[in-house]
Amino acid sequence: MTRVLVINSGSSSLKLQILDTAGEEELAWALVERIGEPTGSLTVRRTAMTGESADERTTEEAFADHTAALGRVLELAGELHVHPTDLGVEAIGHRVVHGGPEFHQPVLVTPEVEADIEKLELLAPLHNPANLRGIRVARELLPGLPHVAVFDTGFFHTLPAAAHTYAIDRETSRRWDLRRYGFHGTSHEFVSRRTAAVLDRPYDELNQIVLHLGNGASASAIAAGRAVDTSMGLTPLEGLVMGTRPGDLDPGLIIHLIRDRGMSPGDVSTLLNRRSGLEGLSGARDFRELLSRVDDNDDDAVLAYDVVIHRLRRYIGGYWAVLGHVDAITFTAGVGENVARLRADALSTMMDWGVQIDAEANENGSGERLISAPDSRVKVLVVPTDEELAIARACDDVLGLGPDA
Ligand code: ADP
């Protein structure tokens with residue numbers, strides 16, 4: 001049995017889970033939000049999988065920094081008997097957003113690895129510093145455990161040059177490693193492997209399109225088990241329409257805003273990271289809210305939904321052309337797993353290509369499942385993603401802890 005603590009450290013949040021990779025069970029989790037603000041919130045939960053009944057502690061208080069936040073999590077986890085020591089945690093797995101050109105696989109964190117992650121901060125200023133903070137704080141408060149970094153970009157290191165190269169001056173892109181890296185890789189790999197398992201087909205014989213649609217959203221094209229294209233690029237701004245990010249737009253628009261409209265680079269960054277996508281188009285903070293406004297015939301919400309669907313179709317069609325042949329299309333993450341209407345609308349123009357949704361399975365099922373009609377040439381699936389489990393398993397692999405090691 002391997003027990004792993006998985007940490008996803010954001011700039012003002014910390015998400016933790018303790019998992020058992022053998023039973024694939026979640027034993028405990030914690031979420032801290034609004035770190036560094038006057039009032040933060042914290043929840044620590046013990047699940048019934050520990051053998052004790054489920055229990056929870058929540059508190060609203062100030063957490064000065066990540067050290068204070070993790071310290072408080074450990075204190076409350078101790079009260080619930082789910083401190084990593086109580087549960088026999090053997091390793092800590094960290095989500096690291098940007099692995100740059102070097103990191104293709106999960107790695108044991110050494111001082112050199114840490115220095116390399118730090119260097120990548122220039123490519124991912126919103127994410128990597130927070131991820132690194134998570135590693136450092138965990139090492140300080142939980143000494144003696146090995147740390148493994150699992151990179152969001154890793155799965156996409158197989159992208160062919162034609163897919164990852166920006167068509168800009170070669171000197172400039174080489175000098176600063178400017179290329180498409182892709183993100184959500186842990187999810188795309190997990191989901192595409194589960195898709196092969198559900199279809200009972202060898203992973204390396206399937207051509208797949210995976211649509212990870214959450215607050216962040218990305219698509220990938222996978223040919224015979226290797227990622228060959230993905231919608232996010234140098235940063236997680238490119239591609240599909242997201243909760244607060246626009247996805248693709250004309251780079252000329254950015255130049256225009258800065259040069260001709262007096263916006264600063266910081267203003268543009270805020271516009272593109274926080275005031276675009278669903279929120280920018282309709283004011284809806286998430287997809288649930290968007291759908292309820294669409295039902296009320298709110299014009300902005302209807303347009304936002306249409307833009308989301310239009311973009312999805314362009315990506316699916318584009319990836320189809322890249323792959324030549326598609327065996328499976330899989331939806332995952334909060335929106336992909338829960339919004340039947342979006343799945344049906346995104347694929348409704350593709351009947352001629354051999355995509356037929358089974359309306360009943362699409363609307364009424366739950367969990368991992370096939371939602372295409374029995375005679376649909378292309379299989380369509382819903383597969384819940386589980387990045388934490390994938391990270392925990394990666395720790396097993398890197399440290400040789402797993403049952404197969
Ligand atoms: P994150 O990128 O933050 O991990 P998630 O994968 O949790 O995001 O997805 C969050 C999105 O999923 C939000 O837009 C939320 O409204 C949407 N969502 C979650 N559950 C549902 C649901 N049952 N119906 C509609 N939308 C949902």
Side-chain angles (χ1 to χ4, degrees), residues 6-17 26 29-34 41 43 95-97 124 126-127 130-131 150 152 182-191 194 210-220 230-232 235-247 273-296 298 300-302 304-305 307-309 311-312 330-346 362-369 371 382-391:
V6 176
I7 299 184
N8 185 346
S9 174
S11 55
S12 66
S13 69
L14 260 183
K15 285 186 213 160
L16 303 98
Q17 258 187 41
E26 178 189 281
W29 62 259
L31 174 65
V32 193
E33 291 176 299
R34 301 190 305 279
S41 72
T43 303
R95 175 179 185 217
V96 177
V97 167
L126 297 178
H127 296 98
N131 302 153
V150 181
D152 245 31
F183 298 88
H184 292 148
T186 309
S187 175
H188 284 273
E189 178 169 19
F190 177 86
V191 166
R194 286 305 311 157
V210 175
L211 304 162
H212 174 112
L213 312 175
N215 281 318
S218 60
S220 67
T230 192
S231 59
M232 284 178 166
T235 75
L237 274 179
E238 197 178 343
L240 300 173
V241 179
M242 313 183 210
T244 60
R245 290 170 255 166
N273 282 293
R274 308 213 181 285
R275 292 187 16 240
S276 298
L278 302 182
E279 159 112 31
L281 286 170
S282 72
R285 273 162 310 149
D286 65 12
F287 218 85
R288 250 184 280 236
E289 192 180 328
L290 181 83
L291 289 176
S292 84
R293 292 202 198 170
V294 168
D295 289 339
D296 293 341
D298 172 314
D300 289 342
V302 170
Y305 182 80
V307 174
V308 167
I309 296 295
R311 186 79 52 83
L312 270 170
T330 304
F331 290 86
T332 192
V335 177
E337 290 164 29
N338 293 299
V339 186
R341 166 185 190 168
L342 168 137
R343 295 190 294 259
D345 288 341
N362 185 36
E363 277 154 36
N364 299 324
S366 69
E368 208 173 71
R369 68 195 189 276
I371 58 163
V382 174
V383 171
T385 190
D386 194 339
E387 287 158 291
E388 287 77 17
L389 177 60
I391 291 173

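Because only heavy atoms are used, hydrogens play no part in the values below, and waters and symmetry mates are left out as well, while side chains stay in. Computed from a predicted structure; not experimentally measured. Ligands are counted one by one from 1 in listed order, and the atoms in each one are counted from 1 as well.
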For [atom], the protein heavy atom that lies nearest, with its residue and separation:
atom	answer
atom 14 (O) of ligand 1	Phe287 N, 2.9 Å
atom 19 (C) of ligand 1	Arg288 NH2, 3.5 Å
atom 27 (C) of ligand 1	Gly334 O, 3.9 Å
atom 8 (O) of ligand 1	Asn215 N, 3.2 Å

Quiz item: Can you tell which of Ile309, Val339, Val308 makes a side-chain contact (heavy atoms from CB on, under 4.5 Å) with Asp345?
Solution: Ile309
Quiz item: Asn273 pairs by side-chain contact (heavy atoms from CB on, under 4.5 Å) with which of Leu237, Thr235, Thr244?
Solution: Leu237
Practice problem: Determine, for Glu279 against Arg275, whether the closest basic-nitrogen to carboxylate-oxygen distance falls under 4.0 angstrom. | Solution: no
Quiz item: Do the side chains of Glu388 and Glu26 get nearer than 4.5 Å, heavy atoms only?
Solution: no
Exercise. Answer yes or no: is there a side-chain heavy-atom contact under 4.5 Å between Glu337 and Thr385?
Key: yes
Quiz item: Got a protein heavy atom sitting under 4.0 Å from atom 4 (O) of ligand 1?
Solution: no
Quiz item: Considering distance alone, does some N or O of Leu213 sit under 3.5 Å from an N or O of ligand 1?
Solution: no
Taking only heavy atoms of [X], which atoms of ligand 1 are found under 4.0 Å from at least one of them?
X	result
Val335	11 (C), 12 (O), 14 (O), 17 (C)
Ala333	6 (O)
Asn338	19 (C), 20 (N), 21 (C), 22 (C), 23 (N), 24 (N)

Self-check item: Test item: side-chain donor near acceptor, His188 and Thr230, under 3.5 Å
Solution: no
Practice problem: Assess Arg341 against Tyr305: is NZ or CZ under 6.0 Å from the centre of the six-membered ring, and within 45 degrees of the ring's axis? | Solution: yes
Quiz item: When you look for heavy atoms under 4.0 Å from ligand 1, do you find them on the side chain of Val339, its backbone, both, or neither?
Solution: side chain
Exercise. For Val191 and His212, run side chain to side chain contact (heavy atoms under 4.5 Å, CB included): C-alpha distance rounded to whole Å, both residues' side-chain angles, the deciding distance at 0.1 Å, then the answer.
Key: CA-CA 9 Å; Val191 166; His212 174 112; over 6 Å; no
Quiz item: Does some non-hydrogen atom of Gly216 fall short of 4.0 Å from ligand 1?
Solution: yes
